[in-house]
K.L.:
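Here it is: the structure, laid out below.
Chain letters run A, B, ... following the sequence lines, proteins first and then strands; every chain starts at 1.
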Amino acid sequence: MSANRRFPDTVAGPFESPPVRFTDGAGREIEIRAYDGSDREYEALASMYDEFDPADRAQGIPPSDERRIREWLDNILGGDCLNVIAWDGETAAGHATLVPDGDASELAIFVLQAYQEAGIGTRLMKALLGYGAESGVEKVWLTVERWNQPAVGLYKKIGFEISDSESFEMEMAIRLGDGESG
Amino acid sequence: MRILLGVGGSEESLQALQQTVERAVAAGDDLTVAILEEVTGERSADDIEADVEAELDAHDLEAEIRHIEGNAGSELVSIAESEGFDGITLSGGTTSPMGKIQLSSTAEFVLLNSHVSVTLIR
């Protein structure tokens with residue numbers, strides 16, 4: 001599938017890299033930081049996904065039971081993956097991740113239900129793309145259910161373009177770099 | 001039940017083969033294995049056939065093996081419907097690097113077009 005994935009020609013951004021602080025739409029002070037690899041942050045994420053509404057799952061992730069959640073987190077928090085977390089104090093309110101896939105990366109973003117529709121998703125997405133660009137990631141893709149128009153709209157606003165609309169899930173892609181700068 | 005199992009070259013296909021053969025033995029299903037030439041990927045149809053035969057032998061199960069050329073999804077549906085199969089079984093797709101479940105185009109076609117029951121193996 002990744003063989004015929006198309007990416008935009010033009011570079012999007014620049015995006016501000018984390019840490020990013022802001023007041024969300026509900027008046028909460030939110031800080032977005034890169035995942036620091038600590039047990040404390042890992043456990044905060046595991047709790048966030050434990051509370052996650054199954055109706056907001058996408059193509060099987062996050063998994064619904066604790067053992068599978070931890071297996072999945074081990075996979076996306078390790079290696080060369082890039083992760084940013086939106087914090088409301090000690091509570092993980094949202095999380096976005098870039099997982100390497102050949103010369104590109106796959107992106108996913110999740111915001112806990114109580115924190116949705118407050119502008120956190122957009123900030124989280126931009127912070128992750130800033131972090132990715134800073135780390136040398138040039139091409140990013142994601143899949144989204146085609147009926148999820150709010151998400152598609154958000155991704156478009158940020159600079160994603162539809163790269164494949166023929167399969168069951170819609171694929172979108174963005175370019176963060178063109179290999180010219182180091 | 002008469003089951004038509006579609007098998008391609010993916011690892012998920014081999015897993016589907018294994019589970020379906022085990023299920024056929026337990027349930028007494030009449031199994032036909034269709035090797036999908038369109039989606040053999042990096043493997044050859046002969047390699048896949050050897051895997052199918054090994055799996056059948058390991059469970060002492062008799063099953064017809066066929067090679068299907070052309071569009072895998074439409075051929076599976078048309079064979080199942082015209083030859084009175086009770087169901088089509090195939091692998092439920094792959095997962096992305098992120099772990100997202102992705103439906104293959106074959107599985108998508110079969111799900112949307114088949115009038116007989118479809119089982120996706122996960």
K.L.:
Near B:Glu83 CD, under 6.0 Å, is it more than 12 heavy atoms from other residues, nucleotides or ligands?
P.N.:
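Enclosed.
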K.L.:
Taking atom CD of A:Glu117 as the centre, report whether more than 12 heavy atoms of other residues, nucleotides or ligands fall under 6.0 Å from it.
P.N.:
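Atom CD in A:Glu117 is not crowded, with 12 or fewer foreign heavy atoms closer than 6.0 Å.
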K.L.:
Hey, what do you get for CD (A:Gln59) to CG (B:Leu103), rounding to the nearest 0.5 Å?
P.N.:
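These two atoms lie 9.5 Å from each other.
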K.L.:
Does atom CD of A:Gln113 have more than 12 heavy-atom neighbours from other groups under 6.0 Å away?
P.N.:
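Atom CD in A:Gln113 is packed in, count exceeds 12.
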K.L.:
At a heavy-atom separation under 4.5 Å, does B:Ser105 approach chain A through its side chain, its backbone, both, or neither?
P.N.:
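Neither part.
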K.L.:
Using every non-hydrogen atom in the two residues, find where B:Ile101 and A:Glu169 come nearest and quote the distance to one decimal.
P.N.:
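Smallest heavy-atom distance, with atoms named: O-OE2, 4.1 Å.
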K.L.:
Is it the side chain or the backbone of A:Pro62 that comes within 4.5 Å of chain B heavy atoms, both, or neither?
P.N.:
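Interface part for A:Pro62: neither.
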K.L.:
Look at atom CG of A:Asp39 and say whether more than 12 heavy atoms of other residues, nucleotides or ligands are closer to it than 6.0 Å.
P.N.:
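Count not over threshold, so no.
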K.L.:
Counting C-beta onward and ignoring hydrogens, is there a side-chain heavy-atom pair between A:Glu106 and B:Lys100 closer than 4.5 Å?
P.N.:
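The answer is yes, as the side chains (C-beta and beyond) meet within the 4.5 Å cut-off.
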K.L.:
If you tally heavy-atom pairs under 4.5 Å against chain A, which of B:Gly99, B:Ala107, B:Ser96 wins?
P.N.:
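Among the listed options, the one with the most contacts to chain A is B:Ser96.
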K.L.:
So does B:Arg23 have more than 12 non-hydrogen atoms from other groups sitting under 6.0 Å from CZ?
P.N.:
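No, because the 6.0 Å sphere around CZ of B:Arg23 holds 12 heavy atoms or fewer from other groups.
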K.L.:
Shortest non-hydrogen contact from B:Pro97 to A:Pro100?
P.N.:
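So the two residues come closest at CB-O, 3.8 Å.
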K.L.:
In terms of heavy-atom proximity below 4.5 Å to chain B, should A:Ser105 be classed as side chain, backbone, both, or neither?
P.N.:
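For A:Ser105, neither part sits under 4.5 Å from chain B.
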K.L.:
Should we say atom CZ of A:Arg68 is surrounded by more than 12 heavy atoms from elsewhere, each under 6.0 Å from it?
P.N.:
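Not buried by this count: 12 neighbours or fewer within 6.0 Å.
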K.L.:
Mark yes when over 12 heavy atoms from residues, nucleotides or ligands other than A:Gln149 sit less than 6.0 Å from its CD; otherwise mark no.
P.N.:
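Yes.
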K.L.:
If you measure from CE on B:Met98 to CG on A:Asn75, what distance do you get to the nearest 0.5 Å?
P.N.:
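Result: 9.0 Å between the selected atoms.
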